[in-house]
Amino acid sequence: MISTELTRMLGLRYPIVSAPMASVSGGWLAGAVSEAGGLGMIGVGSNTPTGWISEQAELASPKGAFGFGLMCWALERRPDLLDAVLAAQPSAVSLSFGDPAPYVERVRDAGATVFCQVQDAAGARRAIEGGVQVLVAQGTDAGGHTGEVGTLPLMQKVLRIGEASNLPVLAAGGIATGVGIAGVLAMGAAGAWIGTRFAATEEALGSDEAKRRILEADETSTVHTRVFDITQGIPWPEEFPGRALRNAFTEKWHGRERELEENLPAARAELDEARERGDYSQMYVYAGQAAGMVEEVPPAGELVKKLAEDAERQLRRCCDSVLGPSL
Ligand SMILES: Cc1cc2nc3c(=O)[nH]c(=O)nc-3n(C[C@H](O)[C@H](O)[C@H](O)COP(=O)(O)O)c2cc1C
């Protein structure tokens, strides 16, 4: 058993969170993770229909504590997303990528714990001022949209800020094994927030081909890029490019964003056609550097248990070998 502030706050068996991933983490995945003793999060995108939110909550809620991940910049245009999320009575809501302050009070009043992914110290301070209850330090190693600072330096900075305000800090970005979880717990994290590793599980919503691409990828296979958002016209703030697997589309356009904007209709048609064909040599698969540690597509519940057992073993081994037997 591993007990941290996170497990105590939410009554979890393990300090493991399956990250919200729009189009990838639905209620089936979140429910499997929660049932196994972690916290399963459902990802809500800027175009997610509100009906989908209640359907996914019905899948997850019988299995234990679950949550939703929202993007603040999307809530500015789609306040209905927050209404639908709160109506589903989650235990946790993450408000990331923008200023959480306008939404925190409603979430807390609804009885959910407010998480916020932060990408630098300024973001961590803003989140605390806004009233969030758990900080998630999301390093640039992460899959999906993220900032520029690596998980290790970011964690050291955000842990200090969290400690000064008495807030737990989770680590996100690059964690895919029990050894990785043990590492961040040893640093002082209250848990690990894991995306890419869970994107390659049976219950993840991505296609089999997208999962196969993650399996094939190694730690050098990703690129931090805005080309997919530019092409689709998704108004992600520029400070958060998305980390995705490199493919022919990123090879063609990454670094040539001005030309891409000048050729938008043709590039958009190319991407749309690739999506129809299921052609991932052009289409995006958002994934982080931890893809290099993904070797199989297991059921999510088995993965949670294995990660937790491996983390515990690593922590014990570390205490014994580094500190020696205590008197
Ligand atoms: C496919 C994918 C989609 C994501 N979508 C979201 C999202 O909708 N909302 C969000 O807050 N974070 C999103 N993220 C970021 C994750 O919450 C998390 O920070 C990240 O996956 C952690 O790094 P890792 O992938 O190395 O485990 C996404 C990540 C991935 C891989």
Side-chain angles (χ1 to χ4, degrees), residues 16-26 29-30 33 38-48 52-53 56 67-75 78 81 85 92-98 100 114-119 123 127 132 134-147 149-152 154-155 170-177 180-181 183-184 189 191-201 204-207 210-211 213-214 217 219 221-222 224 228-229 234 236-237 240-245 280 283-294 303 307:
I16 295 174
V17 182
S18 63
M21 297 179 278
S23 309
V24 171
S25 63
L29 174 56
V33 170
L39 174 66
M41 298 288 287
I42 298 170
V44 177
S46 57
N47 293 321
T48 299
W52 185 87
I53 291 174
Q56 301 307 309
F68 283 101
L70 292 163
M71 301 172 310
C72 298
W73 64 264
L75 289 181
R78 294 275 317 272
L81 293 175
V85 158
V93 173
S94 78
L95 298 166
S96 304
F97 308 116
V114 186
F115 291 65
C116 179
Q117 296 187 78
V118 300
Q119 293 76 22
V132 312
V134 182
L135 295 173
V136 183
Q138 187 208 34
T140 193
D141 340 27
H145 292 79
T146 184
V149 184
T151 303
L152 207 50
L154 183 66
M155 272 299 287
L170 310 187
I175 304 165
T177 63
I181 295 170
V184 297
W193 177 281
I194 302 175
T196 298
R197 176 55 277 201
F198 281 101
T201 56
L205 297 177
S207 70
K211 293 176 190 178
R213 293 228 167 208
I214 295 175
E219 63 283 1
S221 302
T222 69
H224 195 205
F228 295 115
D229 293 325
I234 302 179
W236 263 95
F240 306 118
R243 185 172 296 286
L245 299 183
Y280 290 94
M283 259 291 283
Y284 51 85
V285 176
Y286 282 111
Q289 294 171 343
M293 298 301 298
V294 176
L303 176 61
L307 289 172

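These figures come from a predicted structure and were not determined experimentally. As the structure lists them, so they are numbered: ligands from 1, and atoms in each ligand from 1.
- Scanning the protein for heavy atoms near atom 23 (O) of ligand 1, the closest one is Ala142 CB, 3.2 Å.
- Close approach of ligand 1 to Phe97 (heavy-atom distance below 4.0 Å) involves ligand atoms 10 (C), 11 (O), 12 (N).
- The closest donor-acceptor contact from the side chain of Arg78 to the backbone of Thr48 lies under 3.5 Å.
- Considering only non-hydrogen atoms, atom 28 (C) of ligand 1 lies nearest to Met21 out of Arg197, His145, Met21, Met71.
- The shortest contact between atom 25 (O) of ligand 1 and any protein heavy atom is with Thr196 OG1, 2.6 Å.
- Atom 20 (C) of ligand 1 has as its closest protein heavy atom Gly143 O, 3.6 Å.
- Under a 4.0 Å heavy-atom criterion, Phe198 is not in contact with ligand 1.
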Practice prompt. With side chain to side chain contact (heavy atoms under 4.5 Å, CB included) as the test, would you mind laying out the steps for Leu29 and Val33 before giving the verdict?
Written response: CA-CA 6 Å; Leu29 174 56; Val33 170; 4.1 Å; yes
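- The N/O atoms of Val24, backbone and side chain alike, include none that comes under 3.5 Å of an N/O atom in ligand 1.
- Using modelled atom types, no side-chain atom of Thr196 and backbone atom of Ala290 make a donor-acceptor pair closer than 3.5 Å.
- By the criterion of a heavy-atom distance under 4.0 Å, the side chain of Gln117, and not its backbone, is placed next to ligand 1.
- Between Met283 and Phe228 there is no side-chain heavy-atom pair separated by less than 4.5 Å.
- Side-chain contact between Thr146 and Phe97: absent, with no pair of heavy atoms (C-beta onward) separated by less than 4.5 Å.
- Heavy-atom proximity to Ile194, at under 4.0 Å, picks out these atoms of ligand 1: 27 (O).
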Discussion item. The test is side chain to side chain donor-acceptor pair (under 3.5 Å); show your working for Gln138 and Gln119 and say whether it passes.
Written reply: CA-CA 5 Å; Gln138 187 208 34; Gln119 293 76 22; 2.8 Å; yes
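- The shortest contact between atom 26 (O) of ligand 1 and any protein heavy atom is with Gly174 N, 2.8 Å.
- Looking at Asp141, its side chain does come within 3.5 Å of a backbone N or O of Thr151 through a donor-acceptor pair.
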Worksheet item: Can you check side chain to side chain donor-acceptor pair (under 3.5 Å) on Arg243 and Thr140, steps first, answer last?
Response: CA-CA 8 Å; Arg243 185 172 296 286; Thr140 193; 3.2 Å; yes
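- Distances below 4.0 Å separate heavy atoms of Ala19 from the following atoms of ligand 1: 16 (C), 17 (O), 18 (C).
- Looking at Gln138 against ligand 1, only its side chain comes within 4.0 Å, counting heavy atoms.
- Looking only at protein heavy atoms, the nearest one to atom 1 (C) of ligand 1 is Tyr286 O, 3.4 Å.
- For atom 8 (O) of ligand 1, the nearest protein heavy atom (residue, atom name, distance) is Ala22 N, 3.0 Å.
- Counting heavy atoms from C-beta outward, Tyr286 and Ser23 have side chains that stay 4.5 Å or more apart.
- Using a 4.5 Å heavy-atom threshold, the side chains of Ile16 and Ile181 count as touching.
- Nearest to atom 17 (O) of ligand 1 by heavy atom, out of Gly195, Ala137, Pro20, is Pro20.
- The shell of residues lying under 4.0 angstrom from ligand 1, judged by heavy atoms, includes Gly173.
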